[in-house]
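Take a look at the structure set out below.
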Amino acid sequence: MLTALRVAPGPVALGRVLLAAGAALTSFEGAVILVALRGDHVTAPVATWLPDAAAMPVLPWVAIMAIASVTLLLGLFPGPSAAALAAGNALLLAVDHQLYSNHRFLVVLLCAWYACARSDHAYAIGAGARRRAGDGLVPWWPQLLVLATVSSCYVYAGLSKANEEFLTGDLVASMSPDWVPAALVAWATVPAEIAIGVGLWWRRTRLGAIALGLALHAGIVALLGSPLVFSAFALLCFSAYPLALHRVELEDLQAEAAATQRSSAD
Amino acid sequence: MCRVRWLATALGRGTWQDRLLLGLVLALLLGPAVILVVGDRPSRFGFQMYSGYGDVTATWRDAAGTEHVVDLDDHLANARNEVDWTRSLPDDLCSRIPEAVAVQVRRTQPGTDQVRRVTC
C-alpha cells in the first residue's frame with residue numbers, strides 16, 4: 001500500500017534541483033580535502049584494506065561528480081546521476097577519517113533515496129514527454145525516506161547540542177563575529193533544530209518549521225563563516241522542504257487503501 | 001490512537017516492500033538515538049553536527065627543551081574531533097618535524113583527557 005502510492009511529480013523535481021546543487025558543493029569540499037591528502041598532509045585511513053586517499057585519482061572523481069551534479073540538476077538520467085553522487089561520496093567516507101562529515105553522510109542518504117524517486121517528471125529536459133507517456137505520477141516512498149532523513153538530521157543535530165560545552169556558546173563564539181550573542185544563539189539553536197525536525201511531519205506545523213528552517217540556515221550562512229559548507233548543508237536540507245509541503249497525509253493513505261479495496265471487490 | 005491502529009493494521013496487511021520501507025524509516029528516525037545514547041561523543045552517522053565535543057592540540061619539543069605549538073592545519077586536512085588523533089599522529093609528527101625530540105598530542109573529550117607523548 002505505502003510503496004504503491006503515487007503522487008504529483010512537481011515537489012520531488014524541485015527537491016532534485018536543490019539536492020543537485022547541495023551535492024555539487026559538498027563534493028567540491030571533499031575534492032579540496034582529497035587534494036590536501038594527495039599533497040603532504042597526514043592520512044588517516046578508515047581501514048587498511050581500503051584504497052589510500054592519497055592514491056585516489058582526484059580528477060576522474062571530480063569529473064564524475066561534476067557531470068552527475070549537472071545531469072541531476074537538469075533532470076537527465078536522475079537515477080544514475082544521484083546513484084553516482086551517492087557512491088562517490090560513500091567512497092570518500094570509506095577511505096579516510098578526514099573525509100567524513102555529517103553533510104557528506106546526508107548527501108549519500110539523500111542521493112540514494114532520490115536515485116529511486118523518478119524526479120525527472122517535472123522541471124527537467126523532456127519532462128513533458130515522460131509525463132504523457134505514463135500516468136504522470138511518481139512513487140511516494142522515496143519521498144518519505146528523504147523526509148525521514150532530513151527530519152532525523154535536524155532532531156539529532158539539536159539533541160546532540162544539548163550539552164554543557166555547546167551551551168556555553170564558546171563554539172558559536174569561535175565561529176561568529178564578536179557582536180553575536182553566542183550563548184543566546186547556542187541556547188536557541190537546540191529547540192529550533194528539534195522543532196524543525198518534528199514540525200516537518202505535521203500539517204499544522206510544517207509551514208512554521210520551513211520558515212524556521214529558512215531563518216536558521218540563513219543565520220548559519222551569514223554568521224558562522226564557511227559559506228560554501230553551510231550553503232551546501234542548507235541546500236541538502238531544503239531538498240526535503242517541497243516534499244514536506246506536499247506530504248501525503250494519513251487521510252490520503254486511507255483513501256488509497258479504500259480505493260484499492262473497491263477495485264479488488266470489483 | 002485510532003489512526004495509529006489503522007496504520008498498524010494496514011501495514012500488517014501490506015507487502016514486504018511496505019514493511020521494508022517502514023523498517024528503513026524507523027532506522028532513520030531511531031538509529032541516531034541509539035548512537036547518541038550508546039556511542040562516544042561525538043560519533044559518526046548520528047548527525048551530531050557542531051555539537052562542541054572535544055578538541056585536539058599538539059606540541060613538540062626541540063633539543064634545547066623549548067616547547068612549540070603545532071599548527072595542525074599544516075599537517076591535517078581536516079582535524080575532526082571524533083578521530084582519536086593520539087594513536088597515530090604523534091609518530092607522524094615526529095617524522096614530519098625533523099627538529100622534534102618529543103611530540104605530545106592531546107585530545108580533550110567530555111569526561112576524558114587523552115594525552116600521548118612520544119620520543120622521536
Side-chain angles (χ1 to χ4, degrees), chain A residues 1-4 32-37 39-44 53 93 96-103 105-106 109 113 141 144-145 147-149 151-172 175 186 189 193 220 224 233 250-251 253-254 257, chain B residues 2-4 6-7 9-11 13-22 24-33 35-37 41-55 72-80 82-85 87-89 91-93 95-96 108-110:
Chain A
M1 175 198 66
L2 285 175
T3 46
V32 170
I33 298 173
L34 258 185
V35 168
L37 292 175
D40 66 342
H41 284 68
V42 172
T43 58
L93 294 182
D96 198 283
H97 288 297
Q98 294 171 90
L99 284 161
Y100 178 84
S101 79
N102 287 294
H103 299 176
F105 179 46
L106 191 59
L109 290 176
W113 311 143
W141 63 268
L144 177 64
L145 291 171
L147 193 57
T149 303
S151 166
S152 181
C153 177
Y154 278 122
V155 168
Y156 292 104
L159 287 175
S160 64
K161 288 185 179 76
N163 69 78
E164 196 178 335
E165 192 177 350
F166 180 82
L167 293 174
T168 59
D170 290 348
L171 184 82
V172 175
M175 300 171 76
T189 301
E193 289 188 330
I220 290 172
L224 294 191
F233 177 52
L250 199 56
E251 291 82 354
L253 294 178
Q254 287 171 315
Chain B
C2 177
R3 288 175 166 204
V4 173
W6 178 85
L7 191 59
T9 309
L11 280 170
R13 287 198 305 260
T15 62
W16 66 267
Q17 292 99 326
D18 291 337
R19 287 191 279 273
L20 176 63
L21 176 66
L22 185 69
L24 281 171
V25 170
L26 288 176
L28 287 167
L29 295 178
L30 301 179
I35 293 171
L36 187 65
V37 172
R41 295 182 181 184
S43 278
R44 294 167 176 228
F45 308 111
F47 299 122
Q48 298 173 19
M49 290 177 282
Y50 299 93
S51 46
Y53 297 122
D55 192 22
L72 287 176
D73 289 340
D74 293 341
H75 302 278
L76 298 176
N78 190 9
R80 295 192 61 83
E82 77 272 8
V83 180
D84 183 3
W85 292 109
R87 292 169 76 179
S88 60
L89 187 59
D91 302 301
D92 286 327
L93 291 177
S95 60
R96 294 167 66 88
T108 315
Q109 293 288 101

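First the proteins, then the strands, lettered A, B, ... as listed; each starts at 1.
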### Query
At what distance, to the nearest 0.5 angstrom, does CD of B:E82 lie from OH of A:Y100?
7.0 Å

### Query
So do A:W113 and B:L28 actually touch side chain to side chain, heavy atoms under 4.5 Å?
yes

### Query
Is the side chain of B:R44 donor-acceptor paired with the backbone N or O of A:F105 at a distance under 3.5 Å, no angle test?
no

### Query
Hey, what do you get for OG (A:S160) to CE (B:M49), rounding to the nearest 0.5 Å?
7.5 Å

## Note on the structure
Cut-off 4.5 Å, heavy atoms of chain B, and the answer for A:A157 is both

### Summary
Applying a strict 4.5 Å limit to non-hydrogen atoms, the region of A:Y154 in contact with chain B is neither

### Nearest-0.5 Å distance that lies between atom CG in B:L20 and atom CG in A:L2
11.5 Å

#### Entry: Pick from B:V83, B:D92, B:L29 with the largest number of heavy-atom pairs that fall under 4.5 Å of chain A
B:L29

### Message
How long is the straight-line distance from OG1 of A:T189 back to OH of B:Y50, given to the nearest 0.5 Å?
### Response
13.0 Å

### Query
Non-hydrogen atoms of chain A under 4.5 Å away: do they reach the side chain of B:D84, the backbone, both or neither?
neither

### Message
Taking every non-hydrogen pair under 4.5 Å, which of A:L37, A:N163, A:L224 racks up the most with chain B?
### Response
A:N163

### Query
Would you call A:W141 and B:Q17 a side-chain contact if the rule is heavy atoms closer than 4.5 Å?
no

### Message
I need the minimum non-hydrogen distance between A:Y156 and B:A33, along with the two atoms involved.
### Response
OH-CB, 3.2 Å

### Message
Heavy-atom cut-off 4.5 Å, strictly under: side chain, backbone, both or neither for B:V25 against chain A?
### Response
both

## Note on the structure
If one checks every heavy atom of B:R80 against chain A at 4.5 Å, the contacting part turns out to be side chain

### Message
Report which part of B:R96 has an atom under 4.5 Å of a heavy atom belonging to chain A: side chain, backbone, both, or neither.
### Response
side chain

### Pairs of heavy atoms under 4.5 Å with chain A: top-ranked of B:S43, B:S88, B:G54
B:G54

### Task
Below 4.5 Å from any heavy atom of chain B, which atoms of A:S101 appear? Answer side chain, backbone, both or neither.
both

### Query
If you measure from CG on A:L109 to CZ on B:F47, what distance do you get to the nearest 0.5 Å?
5.5 Å

### Task
Select, from A:A36, A:G158, A:S152, the one with the greatest count of heavy-atom pairs under 4.5 Å involving chain B.
A:S152

### Euclidean distance, A:I33 CD1 relative to B:N78 CG, rounded to 0.5 Å
4.5 Å

### Task
Go through the atoms of B:L36 and report whether side chain, backbone, both or neither lie under 4.5 Å from a heavy atom of chain A.
side chain

#### Entry: Close side-chain approach of A:Q98 to B:L76, heavy-atom, < 4.5 Å
yes

#### Entry: Contact leader toward chain B among A:L159, A:D96, A:L145, where contacts are heavy-atom pairs under 4.5 Å
A:L145

